[in-house]
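These notes are about the structure you will find just below.
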Amino acid sequence: MPGPNSQRSVARIRVTPVKATAIRTVDQVRLEPFGVLDNRRFYLADGRGELVCGPKHGRLLQIHSCWSPDTEILRVEFPDGASVEAASDRVTGSPVATDFYGRRTVVGHEVDGPFSAAISDWYGQRLRVVRTDRPGEANDVEPLSLMSTASAASLAEGSGSDRPLETRRFRMLFELAGCEPYEEDTWNGRLLRLGEAVIRVGGQIPRCAVTTYDPDTGVRDFGTLHAIKRLRGENAARKLPFGVYGEVVEPGTVGVGDPATPVPGPASP
């Protein structure tokens with residue numbers, strides 16, 4: 001349990017350039033008003049343009065992707081060791097308009113090159129790799145997400161399983177050390193300085209069944225939602241909360257080990 005003099009800091013930063021594929025750990029990111037440029041810059045759509053992600057498609061967690069905004073090179077690696085790599089700034093065809101959870105429509109274009117065919121062949125279903133026309137559009141709801149490592153430890157202790165300690169299953173951008181369990185829930189509307197950047201912490205994240213899957217295999221291995229409901233209950237919207245959203249107030253670079261400091265003052269309404 002963190003002591004009263006514990007220093008809150010950034011413990012981990014995790015991104016994935018292709019939404020629904022495995023997340024990877026990085027040392028630092030640059031926060032822009034839309035979020036992180038190389039986080040979820042692409043998403044997967046089926047032949048009708050519908051979003052492909054979440055618990056129905058857990059096997060996609062076996063795919064690893066990396067992307068360089070400087071060179072535009074996208075690399076996709078499959079569990080058998082095969083990979084495809086090419087420039088990602090060439091697109092083809094008409095715009096793809098995809099509904100994101102009934103909240104908004106995201107518009108992009110299918111990436112020209114080997115990616116869609118390679119992923120479709122491996123997955124056994126036609127999938128298209130779509131590049132959003134605007135960066136940050138393929139985030140779930142808000143540009144940022146964060147949780148404390150203490151919250152994961154509390155969930156593990158309360159559930160009697162160490163599975164929540166493999167925090168990749170929660171697919172958060174930032175994980176913070178030095179906090180009390182679920183302290184992040186108390187920051188709704190508050191400003192938080194992370195490294196050079198300032199963010200505004202938003203509401204709780206309602207979790208879905210993708211958190212029940214092993215982050216390496218995509219096979220269900222832990223009853224995350226049952227554990228959250230038993231230990232934390234539901235929020236006012238009858239959702240199962242774990243972690244919080246955020247938005248960028250002041251852009252800047254954030255690295256692992258940087259202080260995470262709540263800014264004094266009242267929360268915004």
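- Rounded to the nearest 0.5 angstrom, Glu234 CD and Gln204 CD are separated by 12.0 Å.
- A side-chain donor from one of Ser148 and Ser151 sits under 3.5 Å from a side-chain acceptor of the other.
- Tyr123 and His57 have tilted rings, their planes meeting at an angle from 30° to 60° on a 0 to 90° scale.
- Side-chain atoms of Thr21 and Ser65 form a donor-acceptor pair, as typed in the model, at a separation below 3.5 Å.
- Closest of all the heavy-atom pairs between Cys53 and Tyr101 is SG-OH, 3.4 Å.
- Side-chain N/O atoms of Ser159 and Arg230 include no donor and acceptor closer than 3.5 Å.
- We find the CG-NZ distance between Leu44 and Lys19 to be 10.0 Å, quoted to the nearest 0.5 Å.
- At a threshold of 4.5 Å between side-chain heavy atoms, the hydrophobic network of Ile, Leu, Val, Met, Phe, Trp and Tyr places Ile23 and Val254 in two separate groups.
- To the nearest 0.5 Å, atoms CD (Glu175) and CZ (Arg168) are separated by 10.5 Å.
- The aromatic rings of Trp67 and Phe42 stand perpendicular to each other, their planes meeting at an angle above 60°, with 30° marking the opposite boundary.
- For the residue pair Thr224 and Arg207, no side-chain donor N or O sits within less than 3.5 Å of a side-chain acceptor on the partner.
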TODO: Run the numbers on Thr212 and Arg220 for side-chain hydrogen bond (donor to acceptor under 3.5 Å, both in side chains), then give the verdict.
DONE: CA-CA 5 Å; Thr212 68; Arg220 184 167 294 175; 3.2 Å; yes
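- Residue Val141 shares its hydrophobic cluster (ILVMFWY side chains chained together at separations under 4.5 Å) with Met147, Leu155, Phe170, Met172, Tyr182, Ile205, Leu225, Ile228, Leu231, Leu240, Phe242, Tyr245.
- Between Pro241 and Gly233, the shortest heavy-atom distance links the atoms CD-O, 3.7 Å.
- Screening Asn39, Leu146, Asn139 against Leu173 for a side-chain contact (heavy atoms from CB on, under 4.5 Å) leaves a single residue, Asn39.
- Scanning for salt bridge (Lys or Arg N to Asp or Glu O under 4.0 Å) contacts around Arg190 gives an empty result, with sequence neighbours left out.
- Here Asp46 contributes atom CG and Leu51 contributes atom CG; the two are 9.0 Å apart, rounded to the nearest 0.5 Å.
- A donor-acceptor pair shorter than 3.5 Å can be found between the side chains of Ser88 and Glu72.
- Val244 and Val248 fall within the same hydrophobic cluster, where Ile, Leu, Val, Met, Phe, Trp and Tyr residues are linked whenever their side-chain heavy atoms come under 4.5 Å apart, directly or through other members.
- Counting only N and O atoms by type, the side chains of Thr25 and Arg14 include a donor and acceptor under 3.5 Å apart.
- Taking 4.5 Å as the limit, some side-chain heavy atom of Leu31 sits within range of a side-chain heavy atom of Val29.
- At a cut-off of 3.5 Å, with distance as the only test, a side-chain donor of Glu110 or Ser116 sits close to an acceptor on the other residue.
- In this structure, Asp214 contributes its side chain and Thr217 its backbone to a donor-acceptor pair below 3.5 Å.
- There is no side-chain donor-acceptor pair under 3.5 Å between Gln28 and Thr253.
- Stacking of Arg59 on the aromatic ring of Trp122 is recorded, both the 6.0 Å distance cut-off and the 45° axial limit being met.
- If you chain together hydrophobic residues whose side chains sit under 4.5 Å apart, Val249 and Val10 never meet in one group.
- Pairing each heavy atom of Leu60 with each of Ala20, the nearest pair is CB-O, 3.5 Å.
- Under the 4.5 Å side-chain heavy-atom criterion for Ile, Leu, Val, Met, Phe, Trp and Tyr, Leu127 and Val84 are members of the same hydrophobic cluster.
- Arg24 and Thr16 share no side-chain donor-acceptor pair at under 3.5 Å.
- Side-chain atoms of Glu166 and Pro215, non-hydrogen and from C-beta on, do get closer than 4.5 Å to each other.
- Between Thr98 atom OG1 and Arg104 atom CZ the span is 10.5 Å, to the nearest 0.5 Å.
- In this structure, the ring of Phe100 has its center less than 6.0 angstrom from the ring center of Tyr43.
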